[in-house]
Asks: 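Here it is, the structure, as structure tokens.
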Amino acid sequence: MSKHDELIVDIAALVESGQSSQMSLTVVTGGAVITGRLAPEAMWRQRVSEVLTDSADLGEFSAVFDAATKGDGPPTHLHFHVARILQGTVGIPETGGMYRVAIEDVSAWTVGDFSYSDH
């Protein structure tokens, strides 16, 4: 999107200001559909850092995510946790992952997340 969608920027700003991780969102970006819950950037960074710290091979990268976030201006990214990329009838990964999406790359979105059921 050449011009940011003010609604999605407002949603991201509210997530950041309220430190809430309960807002569910589904976005289309680069042809992929990502669905899950938004998290404040600081919370998202902390969780990614914890996962990397626990890894024998990737532990040294955890410090990158410990850096303080820049708080000036409106949010430029959405930070998903417990998120999945939807592919056919499958959500990848099944357990949910951590994704960072540039707001300018979102071509469509809706409130809520999608999950599949065989019922």
Side-chain angles (χ1 to χ4, degrees):
M1 294 168 68
S2 58
K3 183 177 179 189
H4 295 156
D5 182 328
E6 294 298 321
L7 285 174
I8 201 167
V9 171
D10 289 347
I11 289 169
L14 193 57
V15 169
E16 288 295 328
S17 69
Q19 301 298 297
S20 171
S21 62
Q22 298 304 310
M23 180 62 181
S24 295
L25 199 70
T26 299
V27 300
V28 177
T29 179
V33 178
I34 299 174
T35 189
R37 287 188 297 180
L38 295 178
E41 183 176 358
M43 179 187 295
W44 183 87
R45 284 176 173 260
Q46 178 183 0
R47 181 65 185 127
V48 172
S49 177
E50 290 169 359
V51 169
L52 292 172
T53 298
D54 291 343
S55 170
D57 296 327
L58 301 174
E60 65 188 89
F61 291 97
S62 68
V64 172
F65 293 90
D66 288 336
T69 59
K70 298 176 180 117
D72 54 336
T76 58
H77 290 79
L78 302 171
H79 295 87
F80 285 91
H81 70 116
V82 194
R84 295 169 320 282
I85 296 174
L86 301 182
Q87 179 67 39
T89 60
V90 179
I92 306 167
E94 267 185 42
T95 57
M98 308 287 285
Y99 298 100
R100 176 176 159 112
V101 176
I103 291 173
E104 69 183 20
D105 293 338
V106 173
S107 59
W109 62 275
T110 188
V111 172
D113 65 346
F114 292 100
S115 58
Y116 291 103
S117 174
D118 292 334
H119 304 136

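Computed from a predicted model, the values in this text were never measured in an experiment.
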Asks: Sequence neighbours left out, what passes side chain to side chain contact (heavy atoms under 4.5 Å, CB included) with Thr26? Give chain and number order.
Replies: Val33, Thr35, Thr110, Asp113, Phe114
Asks: Looking at Gly96 and Arg84, what are the two nearest heavy atoms and their distance?
Replies: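 Scanning both residues, the minimum pair turns out to be CA-CG, 4.1 Å.
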Asks: Among Arg45, Glu16, Met43, which one satisfies side-chain contact (heavy atoms from CB on, under 4.5 Å) with His79?
Replies: Glu16
Asks: Taking side chain to side chain contact (heavy atoms under 4.5 Å, CB included) as the test, write out the residues that go with Glu50, two or more places apart.
Replies: Gln46, Arg47
Asks: Using the test side chain to side chain contact (heavy atoms under 4.5 Å, CB included), find all partners of Ala13 that sit at least two apart in sequence or belong to another chain.
Replies: Pro75
Asks: Grouping I, L, V, M, F, W and Y whenever their side-chain heavy atoms are under 4.5 Å apart, do Phe65 and Val101 come out in a common cluster?
Replies: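 No, it is not one cluster - the side chains of Phe65 and Val101 are not joined through contacts under 4.5 Å.
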Asks: What pairs with Ser24 under side chain to side chain donor-acceptor pair (under 3.5 Å), at least two apart in sequence or on another chain?
Replies: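 Side chain to side chain donor-acceptor pair (under 3.5 Å) check on Ser24 returns nothing, list empty.
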Asks: For a quick test of reading the model, state the closest non-hydrogen atom pair linking Pro74 to Val9 and the distance between them.
Replies: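 The pair with the smallest heavy-atom distance is CB-CG1, 3.8 Å.
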Asks: According to a 4.5 Å side-chain heavy-atom criterion applied to Ile, Leu, Val, Met, Phe, Trp and Tyr, with indirect links allowed, do Leu58 and Trp44 form part of one hydrophobic cluster?
Replies: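 Linked within one cluster.
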Asks: Quick one: list whatever passes side chain to side chain donor-acceptor pair (under 3.5 Å) with Ser49, sequence neighbours left out.
Replies: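 Here the qualifying residues are Asp66.
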Asks: If you take all heavy atoms of Ile92 and Tyr99, which pair is closest and at what distance?
Replies: O-OH, 3.3 Å
Asks: Under the rule for side chain to side chain contact (heavy atoms under 4.5 Å, CB included), what residues qualify as partners of Thr76, not counting sequence neighbours?
Replies: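 Not a single residue meets the side chain to side chain contact (heavy atoms under 4.5 Å, CB included) criterion with Thr76.
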Asks: Which residue, Val48, Thr53, Leu52, forms the side-chain contact (heavy atoms from CB on, under 4.5 Å) with Phe61?
Replies: Leu52
Asks: Taking all heavy atoms of Leu25 and all of Val27, pick out the closest pair and write down the distance.
Replies: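 Taking Leu25 first and Val27 second, the nearest heavy atoms are CD2-CG1, 3.9 Å.
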